[in-house]
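Taking it in order: structure first as structure tokens, then the write-up.
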Amino acid sequence: MSEQIVPVKTYAGVLAALLVLLVATVAAGLIEGPGLGITTALSIATVKAVLIVLFFMHVRHGSPIVRLAAVAGFLWLALLIGLSMTDLLTRDGPPATDIPAGSAPDASLGANSSPTGPKMVEQLASFSPRNEASSQSLIATGTKIIDAAITTQGAADRGQARAVR
Amino acid sequence: MNNVQLPKRHYLNADYNVWSWLLSTDHKRIGILYMISLTLFFFVGGAAAVLFRLELMTPGGDLVLSETYNKLFTLHGVIMVWFFLIPSVPTVLGNFFLPMMIGARDLAFPRLNLASWYLFVGGGLFTVWAMLTGGVDTGWTFYTPYSSTYANTRVMLTAIGVFVSGFSTILTGMNFIVTIHTMRAPGMTWFRLPLFVWAHYANSLIMVLATPVLAVTLLLIGMERVLGVGVFDPNLGGDPLLFQHLFWFYSHPAVYLMILPGMGVVSEVITCFARKGIFGYTFIAFSSLAIAVLGFLVWGHHMFVSGQSVLASLTFSFLSMLIAVPSAVKVFNWTATLHKGSISLDTPMLYALGFIGLFTMGGLTGLFLATLAVDQHVHDTYFVVAHFHYIMVGGMVMGYLAGIHFWWPKMTGRLYPEWWGRFSAVLIFFGFNLTFFPQYLLGYLGMPRRYHVYPDEFQVLNVMSTAGASILGVGYLIPLVYLIWSLRYGKIAGPNPWQATGLEWQTPSPPPTFNFDETPSVTERPYQYSPWTPQTAPPPEPELAAAETTSP
Amino acid sequence: MSSHVAHHFDDASQQFDAARLGMWIFLATEVLFFGGLFTGYAYYRTLYTPAFIEGSRHLDLVLGTINTAVLLLSSFTIVLAIRGAQTDNRRATIALLAATIVLGTVFLAIKGYEYSVKFEEHHVPGASFSLGETHDEAVEPRHVEMFFALYFGMTGLHAVHMIIGVGVVAVVCVLAWRGHYTSQYYTPLEITGLYWHFVDVVWVFLFPLLYLIR
Amino acid sequence: MDKSFRLFPEAASTAAPAVDRLYFFLLAVSSFFTLLICVAILYFAVKYRRSASFARSADYGSPWKLEVTWSLIPLALTMVMFFWGAVLYFRSHRAPPESAKVSVVGKQWMWKIQHAGGKQEINALHLPVGRPVQLTMISEDVIHSFYVPAFRLKQDVLPGSYTTLWFEPTKVGRFHLFCAEYCGTSHSDMIGEVVVMDPADYSEWLQGGPTESPVEAGRRLFEQFRCGNCHAAPVRPRCPPLDGLYGSQVALSGGEMVTADEAYLRESILNPQAKVVAGYQSVMPSYEGQIDEAGLFELIAYVKSLAPPEQSSDKKQSAPQ
């Protein structure tokens, strides 16, 4: 067996760190206001998980492939959550012609309205449709670029459509 | 070749009683067990297809009721996807040959391998029982809220069967990855691995990382359906699109589960029958990994008209386009392998070339579906049906048959009748195209999938499709007959009837229980074929085989 | 070559590597198994943030904290049990495995108590779900029900893993008592430990997500 | 409907020729590569057959250049497909402001359609040629999908939330309307037709039969459910007033702002506690299960018609027709 024997002191140190972090996360959860708490709590949880994985699960001394396997699951979970949220956070938006006068016509792009509008998750706020400065302007810019590229083709369509009529 | 004899002792005659099979931990025997069970499931699923193709001969619903029709296509989808296509090449050919190709005596976890088979067969028989005695009508996609609230059929029983067999897939994938990492023979470095092994490595990554999400999704359907706890149904506060995200996070990569191992088989077969080293080994190997990884990033292209956000649709369309590149790289490299080879069109080669042609068409029509505006028109029509059948049947089933024919002599020690082999390969190719090519046209015309009755003007193309399906059905029955026939009457193959390279050919056919009498050591890259060797006179048999053989 | 090496392995080290890698790959699938529920959580927490905060207020933070500490401690005891095998200290191994079983059982008992309280308060999703009189009127009870659906789904799945874990630890404890494990061969102990720590890691994320949003 | 056998569908909307052009581009690229591969395979299989004699050589040196070439060419082509498809997709998600409004309710297994003027139909949609139309769609049960092949457009119809689809018919005629998302036993019976008419025929058709405009129907529901008892109480209303609400920004008790769009109105009727207006108590009961989706469309139409007293003239879009 090629396993290294880790001193008890190391394990005890890790346990102590984990318990301190537990106290810290509960304290932070009680003190901080809504919203910020979840970021802090998840950061602390991540630190705790990394400690357990590195020391208790011996990844620190593990072979590269074991490290890869340890990371892969979490990476793939990030893909699943990340890309699903890309949809959810940019989905809301009123239908096209129902936008009150004065707001950008491009706001119509997310044609579907979910039953309850999404609340922003702080870290991903830049994707939120409510954030005019980001997602809508992103889509608006995209639309403009593409529109410029196809003006001639659009005109051709219209012409053809009239001719058919 | 008449002087060649079967070896005296091999894995098939090592033990005869039933328990020596049902409790075997020999990867080769488990591969055979899988082959028998898969064949059974294939013909159950195929029978359903024949029935509903007959129904679709006429526009009206005159053969079966709507309920029955819906249960038939669901049965076909569920059985074919989970109990034939996904397990086919990995569990039969992968199980049998992956350890032999890397020079191992068995998979890393032989008992787990046997447990996988039990989970698979248990889940499969349970599902078939549930679907034949009561039926389920949700389609294999189980879309919510239909499946979770509205369907009155055996959704839960079917889901349980699929759930159980999912663990079989996970365990198989895990077994393969560990085997490839830890069990390679001396000298078998990563870039000396046959491409079949690379394909299975990539495939196992998907098995391991995607399947659990399906399992938990089915669990959530169960929660909603049985306990009435809302997860996906809007009436209970849920969102049906979450289901689609979770489901396609599994099911799109699952499409690559159905094609990557087939690609592995084709890489082996093409080189052998072109007598030439594979062109662009590294590119084919890494394109398998690229497909496996990119395959996880494209699921939203099933949701362009689902109400998904525009930004998400754009992202997924863009990522879906990228996956065309590794697929194209593979096709170009296989074609280049043929250049200046010494090609013989034996049965496995016919299947493999058929695979390349049909996969090319299936892959290219995938681009139509990844293109946002075209997908708005063809999504959920017969265009989609044709596309994925070109990949799954034109691709995977052709790959599976190529592999079965290529390695049949190794598995059984006997050759199948070559003329019948070529005949059925050609028949299947034409039957397949006649069945599914008209469906592309139907799809662009706008015929939605899963329609029991349809407008009259679609009839001509549907009749063509049904005619093709009957040819295809006959095409699949012929190999079943002659392969069974060959078990007793086929010519003795000898250790290496194709003069193939690769470790699996350096041991007698059928192989001994522990695969090799002596652990082989590897000194060169795979596919050291030389087109200059005259092929009319076979090279002398290795000493190994001669020593093992004896008169019957 | 040890007698514990199966026929198809060359040596004990290869077998150990294979077992450990196999366990890690299994754990990667477990991450995604729980991951489906975490995705559901992220999805609905985004949609129904106030309801989730409301739901979280109905959980017992003290018991949750105690349970977290219990689990962290059990990870410590099991890692020391493995160290015991590595140093051929059989008594320590057995005692520490027994301690792990006790801690796991304490966790499950506390969890069971929490569940029973939720039953009495009608917080279990389903027809009889009710938030009682005390809740914030601005939240929709149906969305709080979604929180509890995920709470029971996630902690339930976690508890099932804990029950399996306690069972497996009990088996290896008996085997250790019979002297199966030495510094030359302790693979089952090591992979049991990996599983146990993984279940712990899941809880480390569940705890703040369920108990600490307010 | 043209019932004769054909290999290519009719094109009857402004979107259709554009989609067809893209389709032909894809078809050309695909055919080229399919032929390239198939011809190459057949040619090699014959030319380099085992019995043929030629100078066989397998030494190619490094394949890097070739590999990079045949990776980049497909990549470039797929990027063209992506951008071209994205352009048309954008266009299909941006209805012209002058679009006529039609509401669509899908249920197992029929389409219920109501025009802005109140005319209702089942499994049929009558439209004037040459005028853009925007559908606002919702399902009462499972997911359906509104699909008109001749228009090259489809959009899933979801329970619980609105989706929209717009198109401009260019051809007089009758076209298939299909449900494209599998929705249960009689999925294939959930079909209807889109009848595109000359504007003159259309206005004649609109006159026929009894109609009650959605606003009037909505007012009837408003009175039936006694919504006015709270929302229109003359002195110290317990609920927010509804005049001029539609399209405005509403401050919620949580401090956020929302636009009062259709989705917001629908949610506030079915699930009043989700978004409580700042300064009000959450006293409104839920009307879920009491009003069906068609009724909700009417009630929302009525609320939309309640213009603020001073500036009623700007709300031309939501005013009763």
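A quick note: this is a predicted structure, and the numbers were derived from the prediction, not measured. Reminder, nothing fancy here: chain letters follow the sequence lines and each chain counts from 1.
Looking at A:A70, both its backbone and its side chain come within 4.5 Å of chain C, counting heavy atoms on both sides. Residue A:L18 touches chain C through both its backbone and its side chain, counting heavy-atom pairs closer than 4.5 Å. Contacts of A:V71 with chain C are absent, with no heavy-atom separation under 4.5 Å from either backbone or side chain. For C:L32, the part lying under 4.5 angstrom from a heavy atom of chain A is the side chain only. For C:I78, no part sits under 4.5 Å from any heavy atom of chain A, backbone or side chain. Within the 4.5 angstrom heavy-atom criterion, atoms from both the backbone and the side chain of A:L77 approach chain C. Both the backbone and the side chain of C:F198 come within less than 4.5 Å of a heavy atom of chain A. C:L194 touches chain A through backbone and side chain together, each having a heavy atom under 4.5 Å away.
Considering CD1 of A:I81 and OH of C:Y43, their distance stands at 13.0 Å, rounded to 0.5 Å. Rounding to the nearest 0.5 Å places CG of A:L75 at 12.0 Å from CG of A:L80.
Results of the side-chain contact (heavy atoms from CB on, under 4.5 Å) test with C:Y186 over C:Q86, C:H180, C:R83 single out C:Q86 as the only residue that passes.
Considering only heavy-atom pairs separated by less than 4.5 Å from chain C, the leading option among A:A49, A:S63, A:A72 is A:A49. Contact tally against chain C (heavy-atom pairs below 4.5 Å) for A:L19, A:V8, A:L21: the top residue is A:V8. Contact tally against chain C (heavy-atom pairs below 4.5 Å) for A:L68, A:V53, A:T46: the top residue is A:T46. Taking chain C as the reference chain and counting heavy-atom pairs below 4.5 Å, the highest number among A:G62, A:S84, A:A12 is found for A:A12.
At least one side-chain heavy atom of C:L80 sits under 4.5 Å from a side-chain heavy atom of A:Y11.
Taking the six-membered ring for Trp and thresholds of 30 and 60 degrees, C:H143 and C:Y48 have nearly parallel ring planes, at less than 30 degrees apart.
Residues A:F55 and C:H197 keep their aromatic ring centres 6.0 Å or farther apart. Between C:W196 and A:F56, the distance from one ring center to the other does not fall under 6.0 angstrom.
Residues C:P208 and A:A41 come closest through the heavy atom pair CB-CB, 3.6 Å.
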